[in-house]
Amino acid sequence: QVHLVESGGGLVQAGGSLRLVCVASGRTFSRNAMGWFRQAPGKEREFVATITSSGLNTYYADSVKGRFTASRDNAKNTGYLQMNTLKPEDTAVYYCATKSSSSGSIQSSEYNNWGQGTQVTVSS
């Protein structure tokens with residue numbers, strides 16, 4: 001079982017940046033693809049980004065493409081989501097997640113380990 005701990009959320013003005021950090025326990029992190037999802041109040045959880053276990057391939061939701069960058073450091077069991085040019089519509093609780101296989105996915109149902117979530121609030 002992988003335990004994920006997130007940090008890095010906060011309050012930022014529109015146009016600002018934040019970096020989310022997701023630290024994983026266990027020895028399988030380097031073999032697990034990661035995903036980032038978010039959930040705004042009154043809305044369903046939505047896909048943000050995914051990164052393969054090697055870190056060589058990423059895929060993003062259209063709404064964040066060009067602004068957000070997912071990366072990972074397997075030696076540190078850590079994943080990152082760099083968020084630039086933030087917009088008020090990016091306000092949500094952000095979750096990191098891992099899945100058993102190495103390939104990324106946009107489907108939340110394919111992920112079996114989830115972080116506790118971190119609040120990101122972007123003011124206009």
Side-chain angles (χ1 to χ4, degrees):
Q1 185 74 7
V2 175
H3 183 56
L4 304 175
V5 179
E6 301 178 36
S7 60
L11 174 64
V12 64
Q13 288 188 333
S17 299
L18 285 173
R19 187 178 76 159
L20 304 184
V21 179
C22 178
V23 180
S25 65
R27 301 182 178 182
T28 65
F29 180 76
S30 62
R31 301 194 295 272
N32 302 147
M34 281 190 69
W36 290 91
F37 295 80
R38 67 187 182 186
Q39 187 167 17
K43 295 187 177 181
E44 293 189 353
R45 188 173 298 185
E46 64 174 1
F47 166 76
V48 175
T50 186
I51 183 168
T52 56
S53 60
S54 65
L56 294 178
N57 297 102
T58 54
Y59 183 79
Y60 301 93
D62 287 344
S63 59
V64 307
K65 199 172 295 182
R67 301 188 296 122
F68 290 13
T69 303
S71 62
R72 62 191 296 161
D73 184 341
N74 286 341
K76 296 182 178 180
N77 269 21
T78 301
Y80 306 94
L81 184 67
Q82 178 66 43
M83 305 186 296
N84 298 329
T85 319
L86 283 160
K87 304 175 181 180
E89 52 262 44
D90 294 319
T91 295
V93 177
Y94 283 71
Y95 299 88
C96 65
T98 61
K99 57 194 294 284
S100 300
S101 67
S102 60
S103 58
S105 173
I106 68 171
Q107 301 293 336
S108 61
S109 59
E110 294 191 23
Y111 294 83
N112 50 4
N113 293 292
W114 290 82
Q116 82 284 1
T118 186
Q119 177 70 47
V120 171
T121 303
V122 184
S123 63
S124 57

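We number each residue from 1, following the sequence as shown.
- In the hydrophobic cluster analysis, where Ile, Leu, Val, Met, Phe, Trp and Tyr join through side-chain heavy atoms closer than 4.5 angstrom, Trp36 is grouped together with Val120.
- Screening residues 9-23 for salt bridge (charged side-chain N to carboxylate O under 4.0 Å, His left out) gives no qualifying pairs among residues at least two apart or on separate chains.
- The number of heavy-atom neighbours closer than 6.0 Å to CZ of Phe47, taken from other residues, nucleotides and ligands shown, is above 12.
- The shortest side-chain heavy-atom distance between Thr98 and Thr28 does not fall under the 4.5 Å cut-off.
- Looking at residues two or more places apart in sequence or on another chain, you find a ring-ring contact (aromatic ring centres under 6.0 Å, His included) between Tyr111 and Phe37.
- Of all non-hydrogen atoms in Ser17 and Asn84, the two that sit nearest each other are OG-OD1, 3.0 Å.
- Follow the hydrophobic side-chain contacts under 4.5 Å out from Met83 and you never reach Tyr95; the two are in separate clusters.
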Exercise for review: May I have the step-by-step check of side-chain contact (heavy atoms from CB on, under 4.5 Å) for Leu11 and Gln119, ending in yes or no?
Suggested key: CA-CA 8 Å; Leu11 174 64; Gln119 177 70 47; over 6 Å; no

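- To the nearest 0.5 Å, the span separating CD on Glu6 from SG on Cys22 amounts to 5.5 Å.
- With rounding to the nearest 0.5 Å, the separation of OG1 in Thr50 from OH in Tyr60 is 9.5 Å.
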Exercise for review: Would you sort out whether Leu81 and Cys96 count as a side-chain contact (heavy atoms from CB on, under 4.5 Å), showing the intermediate values?
Suggested key: CA-CA 9 Å; Leu81 184 67; Cys96 65; over 6 Å; no

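- Heavy-atom minimum distance, Asn112 versus Ser100: ND2-OG, 2.8 Å.
- Between Leu4 and Gln116 the shortest side-chain heavy-atom distance does not fall below 4.5 Å.
- Pairing each heavy atom of Val48 with each of Val64, the nearest pair is O-CG2, 3.6 Å.
- For residues 1-23, the set of pairs meeting the ring-ring contact (aromatic ring centres under 6.0 Å, His included) definition, not counting sequence neighbours, is empty.
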Please report, to 0.1 Å, the donor-acceptor pairs under 3.5 Å made by any side chain of residues 68-75, with sequence neighbours excluded.
from: Arg72; atom 1: NE; to: Ser53; atom 2: O; distance (Å): 3.3
from: Arg72; atom 1: NE; to: Asn74; atom 2: OD1; distance (Å): 2.8
from: Arg72; atom 1: NH1; to: Asn32; atom 2: O; distance (Å): 2.8
from: Arg72; atom 1: NH1; to: Thr52; atom 2: O; distance (Å): 3.1
from: Arg72; atom 1: NH2; to: Phe29; atom 2: O; distance (Å): 2.7
from: Arg72; atom 1: NH2; to: Asn32; atom 2: O; distance (Å): 2.9
from: Arg72; atom 1: NH2; to: Asn74; atom 2: OD1; distance (Å): 3.2
from: Asp73; atom 1: OD1; to: Ala75; atom 2: N; distance (Å): 3.1
from: Asp73; atom 1: OD1; to: Lys76; atom 2: N; distance (Å): 3.4
from: Asn74; atom 1: ND2; to: Ser53; atom 2: O; distance (Å): 2.9

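- Residues Pro88 and Ser124 come closest through the heavy atom pair CG-CB, 3.9 Å.
- The heavy-atom pair separating Ser105 from Gln107 by the smallest distance is OG-N, 3.0 Å.
- Interatomic distance, Glu110 CD to Ser101 OG, rounded to the nearest 0.5 Å: 7.0 Å.
- The salt bridge (charged side-chain N to carboxylate O under 4.0 Å, His left out) pairs that include a residue from residues 38-56 are Arg38-Glu46, Arg38-Asp90, where partners are two or more places apart or lie in different chains.
- Partners of Tyr94 by ring-ring contact (aromatic ring centres under 6.0 Å, His included), not counting sequence neighbours: none found.
- Between Asn113 and Val2 the shortest heavy-atom distance is OD1-O, 3.1 Å.
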